[in-house]
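Working notes, structure below.
As a basis for the values below, the full set of heavy atoms in this structure was taken, side chains included, without hydrogen atoms, waters or symmetry mates. Just so we're on the same page: letters track the sequence lines, and every chain starts at 1.
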There are 2 protein chains.
Amino acid sequence: MPPSKPTSSARATLADVARHVGVSAMTVSRAISQPDSVAKPTRDRIMAAVKKLGYLPNMAAGTLRSSQSFIIGGVVPTLGFSIFGDTVQGISDVLNDSGYQLILGCSGYSLENEEKLVTALIGRQADGIILTGTLHSPELVPYLRGSGIPTVEMWDISEPRIDMAVGFSNFDLGQEIGRHLVACGYRRLGYVSGTPEHEKREKRAAARSRGFLAAVREAGLAPPARVSVPDPLDMEGSGVVAADFIAAHPEIDALLCINEIVGVGTLYEAQRRGWKIPQKLGIAGMGDANIAHLVHPGLTTIHIPGYKIGQLSAEMMLARLSHGRVKKRAVDVGFELVIRGSTRLPEKAGPAKR
Amino acid sequence: MPPSKPTSSARATLADVARHVGVSAMTVSRAISQPDSVAKPTRDRIMAAVKKLGYLPNMAAGTLRSSQSFIIGGVVPTLGFSIFGDTVQGISDVLNDSGYQLILGCSGYSLENEEKLVTALIGRQADGIILTGTLHSPELVPYLRGSGIPTVEMWDISEPRIDMAVGFSNFDLGQEIGRHLVACGYRRLGYVSGTPEHEKREKRAAARSRGFLAAVREAGLAPPARVSVPDPLDMEGSGVVAADFIAAHPEIDALLCINEIVGVGTLYEAQRRGWKIPQKLGIAGMGDANIAHLVHPGLTTIHIPGYKIGQLSAEMMLARLSHGRVKKRAVDVGFELVIRGSTRLPEKAGPAKR
DNA sequence: ATGAAAGCGCTAACAA
DNA sequence: TTGTTAGCGCTTTCAT
């Protein structure tokens, strides 16, 4: 479907096609964007000329004139570690089926980078912007609100939100895995999280922590002993920190890790030291990295439907863009408790879905 | 850094800034894009006004006038399975540091989709296009060559190429893992690949196969028994097929799998059937998915430096874009044999890097 | 170092 | 159903 005549001469324009057919440029424009408004014979001749000349609309001109870019901007923290890959794929799949393009940026978990990326997107007249999380630079939120650009925040539906949101409650997630560990009969829980500074920047992680702690509290257990890893995306380093922590706190019977990377790292290091899992120690992770099923024993975790989040985010955006102003909405896609071998089984069977 | 005045009124334009400062629009344009060509005092007043008015250039207008979009298009087969995530991250990191934006598309391994995405990118005046692999629709290659748009092909440097390339030889990759298995003393090799139809569409996979077969041949061994899995991205299904294959061919002492997903699936299913790995059977994978280190025993594989490929691809693109026409180049980033527990050790120590 | 004029290619708005 | 006019906001080009 690329134009058949990619000669070195400049690309054909609307006017070229119009001249070739003997109609006005406007008619050609209509034949392309609202075919029904052009008489069939005219349209056929136009489409033939389009094909023959290899005409491809210059979107920059269209965007300039109509202020509609058919670009959606997306910002995720990272594409490493397979955390957000599925989500971006979901967005991409939906957009490309609808004639939109995705401009993608990775913020590296930096609010400053996110802001720069959004600024660039606005300079490109992006029709909509999809962000990750609900924590943004202080200037960005009022700016986006005031700009009127439709915005979707993904992976978190906690308040305050900018506009639309697709995700789940990270508090609920932490609470659910906490309740599960309690239901398994664990009584001395430990917690491996990022540093306090990290949690300041990582609202989602902080919310998970709060949810977990709430679950422990409501069970009447002592507050979990807690250790911080310097980099929650460093599997090996985190595993060593967590295992040293357990060595110093042998009374702990189960460890919750802030994410699956830390969880897998901990599992490995524990096994390297000869500890039987889950006999000596239960280990669980939370969400994101889709690696919990690969290790042995499998890591009990909460699975997040990343692809679905991306898909719904894009669909919600397109709906807003076509149906005009819809009521602001937040969609909770939930999450799924996945019980695997790294923890013992619950004492009484309970629901594992949500 | 977003404009400080995101009022509901229309965004400020160059002319607004010019009026505010009392200079011509052209001077403002220069102050922004070639600051040195504007007198310091003038420039300072202009920048102050830019900030005050929250002026953000409309890239659509700039692109229309100058035919320079500062957009690079990128197409990868998928963002699932963490195969190309690092690569896209590498591209994104480099581009965003240089004022470029990435329009990303996922082709789903379909040449037709790839072509559509590229067509859209050209309609957006993309300054450059980064594709995955060297297999494209028959129309696309001459079209891109004729268009003069700088193109980088990633993950494969085999001929024929469109323009620039960053990757490695998939033939060499298959050959290297094949030679390694031979060096380990394996004599009855088996091979788990995609279907013949799959290999027709998947040139890179086919090249790996040829490399592997060449290694076996040069060692004077019998051609490997071969089995096809319907979907090489389906871990469980592939594992079952591979294990059934081994059950029917008990003489095979080592199995090479077309990718790490199939490799891990095979390892799992083998263990599920109670087979000791690597005692009963050596298992190895090839490249891509970055999951080989997670399983136990670790999967011997060839690691591909995905992030580096993305980084170099973007850098090469930017170099071409600024230095003008450079000689067409292909960069071989190589790959790395990673020996893990799923195969026995080589009989004589050999080099493991390349 | 700065400005004036023109126009990139398209589509909104109005006219016929 | 089709055409005319004008202009989106910027940068190229040429002039001062």
[X] has an atom [atom1]; how far is it from atom [atom2] of [N], in whole Å?
| X | N | atom1 | atom2 | value |
| --- | --- | --- | --- | --- |
| A/Arg30 | C/dA15 | CZ | C1' | 11 Å |
| A/Met26 | D/dG3 | CE | P | 11 Å |
| B/Lys40 | C/dA1 | NZ | C1' | 16 Å |
| A/Ile32 | C/dG9 | CD1 | P | 15 Å |
| B/Leu64 | C/dG7 | CG | C1' | 9 Å |
| A/Gln68 | C/dC10 | CD | C1' | 13 Å |
| B/Leu53 | D/dG9 | CG | P | 14 Å |
| B/Asn58 | D/dC10 | CG | P | 6 Å |

* Asked: Which atoms form the tightest heavy-atom contact between A/Leu102 and A/Gly74, and what is the distance?
  ->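 Scanning both residues, the minimum pair turns out to be CD1-N, 3.8 Å.
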* Asked: Shortest non-hydrogen contact from B/Ser24 to B/Ala18?
  ->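 In terms of heavy atoms, the two residues are closest at C-CB, 3.6 Å.
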Looking only at side-chain N and O atoms, does [X] come under 4.0 Å of OP1 or OP2 in [N]?
| X | N | result |
| --- | --- | --- |
| A/Thr42 | D/dT2 | yes |
| A/Ser24 | D/dT4 | no |
| A/Ser29 | C/dT11 | yes |
| A/Thr27 | D/dG3 | yes |

* Structure fact -> When A/Ser107, A/Ser110, A/Ser137 are each screened for side chain to side chain donor-acceptor pair (under 3.5 Å) with A/Glu115, the one that passes is A/Ser137
* Asked: Ion pair present between A/Lys116 and A/Glu114, side-chain N to carboxylate O less than 4.0 angstrom?
  ->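 Answer for the salt bridge query: no.
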* hbond_proxy B/Arg65 side chain to D/dG9 base (donor-acceptor, 3.5 Å cutoff) ->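 A donor-acceptor contact between them is absent.
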* From D/dT11, C/dC10, C/dT11, pick the nucleotide closest to the side chain of A/Ser66? ->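 So the nucleotide nearest the side chain must be C/dT11.
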* To do: Report yes or no: do A/Thr78 and B/Gln89 form a side-chain donor-acceptor pair below 3.5 Å?
  => yes
